[in-house]
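Everything below concerns the one structure shown next.
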Amino acid sequence: MPEQTLMEQLAAILNVEIIAPMEGNEAQGLHKALPGYQAVVDDAARFVQEHGEALRLDPSVLANLTEGLAEVKRLEPADRALEKLHQSVYHQRLRATDRCMEGLYDTARRIREFSNAYPELAEEGKFLLDFMKVFKPGRKKEKKEDGGGEG
């Protein structure tokens with residue numbers, strides 16, 4: 001039996017399954033969840049349970065609500081954990097990229113310093129020089145207003 005991948009191990013720990021990503025048209029066909037939708041589903045499930053007979057709703061309506069709600073509640077803890085993990089990993093990547101930026105500054109500076117002696121360096125490193133011209137870190141300098149009055 002082949003070893004499980006990291007994704008498979010994580011899915012097993014979180015008690016979720018790995019499914020194929022949805023196609024664009026499949027995702028568009030889903031009902032859009034609005035803020036607070038789960039509370040509405042909770043209330044609707046209770047309402048249907050209490051008044052389903054008077055409304056002459058098919059029992060499948062209540063079954064769909066309660067089963068769907070149970071599935072949402074089952075997935076919530078994994079969703080929250082993965083969201084926090086994703087945010088942590090993303091912030092770690094931002095910090096790692098920030099550490100790389102110092103190297104980019106130094107490299108761009110050296111390319112400019114040696115561009116006269118080694119024009120091929122400036123030519124091959126143009127992508128970095130162009131990027132560094134656009135990417136200006138830190139706070140933007142405020143433009144000084146002219147002291148002249150309006151005429």
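The residues of the chain are indexed from 1 along the displayed sequence. Values reported hereafter were calculated over all heavy atoms of this structure, with side chains retained and with hydrogens, waters and symmetry mates removed.
Distance check: D42 CG to T66 OG1 gives 11.5 Å after rounding to the nearest 0.5 Å. Here Y118 contributes atom OH and E124 contributes atom CD; the two are 13.5 Å apart, rounded to the nearest 0.5 Å. Taking CG of D106 as the reference point, atom CE of M101 lies at 11.0 Å (rounded to 0.5 Å). Separating the OG1 atom in T97 from the CG atom in L104 is a distance of 9.5 Å, to the nearest 0.5 Å. Once rounded to the nearest 0.5 Å, the distance linking CG of L57 with CG of N64 reads 11.5 Å. Distance check: L75 CG to E17 CD gives 8.5 Å after rounding to the nearest 0.5 Å.
By the salt bridge (Lys or Arg N to Asp or Glu O under 4.0 Å) test, D43 pairs with R46, sequence neighbours left out. Under the ring pair (Phe, Tyr, Trp, His ring centres under 6.0 Å) criterion, H51 pairs with F47, not counting sequence neighbours. Partners of D58 according to the side chain to side chain donor-acceptor pair (under 3.5 Å) rule, which considers only residues two or more places apart in sequence or in another chain, are S60.
Taken together through direct or relayed side-chain contacts under 4.5 Å among Ile, Leu, Val, Met, Phe, Trp and Tyr, Y90 and L10 form parts of separate hydrophobic clusters. Connection of L65 to L69 is established within a shared hydrophobic cluster, with ILVMFWY side chains joined at heavy-atom distances below 4.5 Å, either directly or through further cluster members.
The number of heavy atoms from other shown groups lying within 6.0 Å of CD (E23) does not exceed 12. Within a 6.0 Å sphere centred on CD of E113, other residues, nucleotides and ligands contribute more than 12 heavy atoms. The environment of I19 atom CD1 is sparse: at most 12 non-hydrogen atoms of other residues, nucleotides or ligands sit within 6.0 angstrom. For E120, the CD atom counts as densely surrounded, since its 6.0 Å shell holds more than 12 non-hydrogen atoms of other residues, nucleotides or ligands.
Taking all atoms of both residues into account, the shortest heavy-atom contact from A11 to I18 is CB-CG1, 3.8 Å. Closest approach of I111 and L121 over heavy atoms only: CG2-O, 4.0 Å. Counting all heavy atoms, side chain and backbone alike, L128 lies closest to A108 at CD2-N, 4.0 Å.
A salt bridge between R74 and E71 is present, with a side-chain N of the basic residue lying under 4.0 Å from a carboxylate O of the acidic one.
With hydrogens and angles ignored, the 3.5 Å screen pairs a side-chain donor or acceptor of S115 with a backbone N or O of R112. Side chain of S88 to backbone of K84: no donor-acceptor contact under 3.5 angstrom is found.
In this structure the side chain of Q87 never reaches within 4.5 angstrom of the side chain of E83, judged on heavy atoms.
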Query - side chain to side chain contact (heavy atoms under 4.5 Å, CB included) assessment of L82 paired with L14 - result: CA-CA 9 Å; L82 289 170; L14 294 171; 3.6 Å; yes
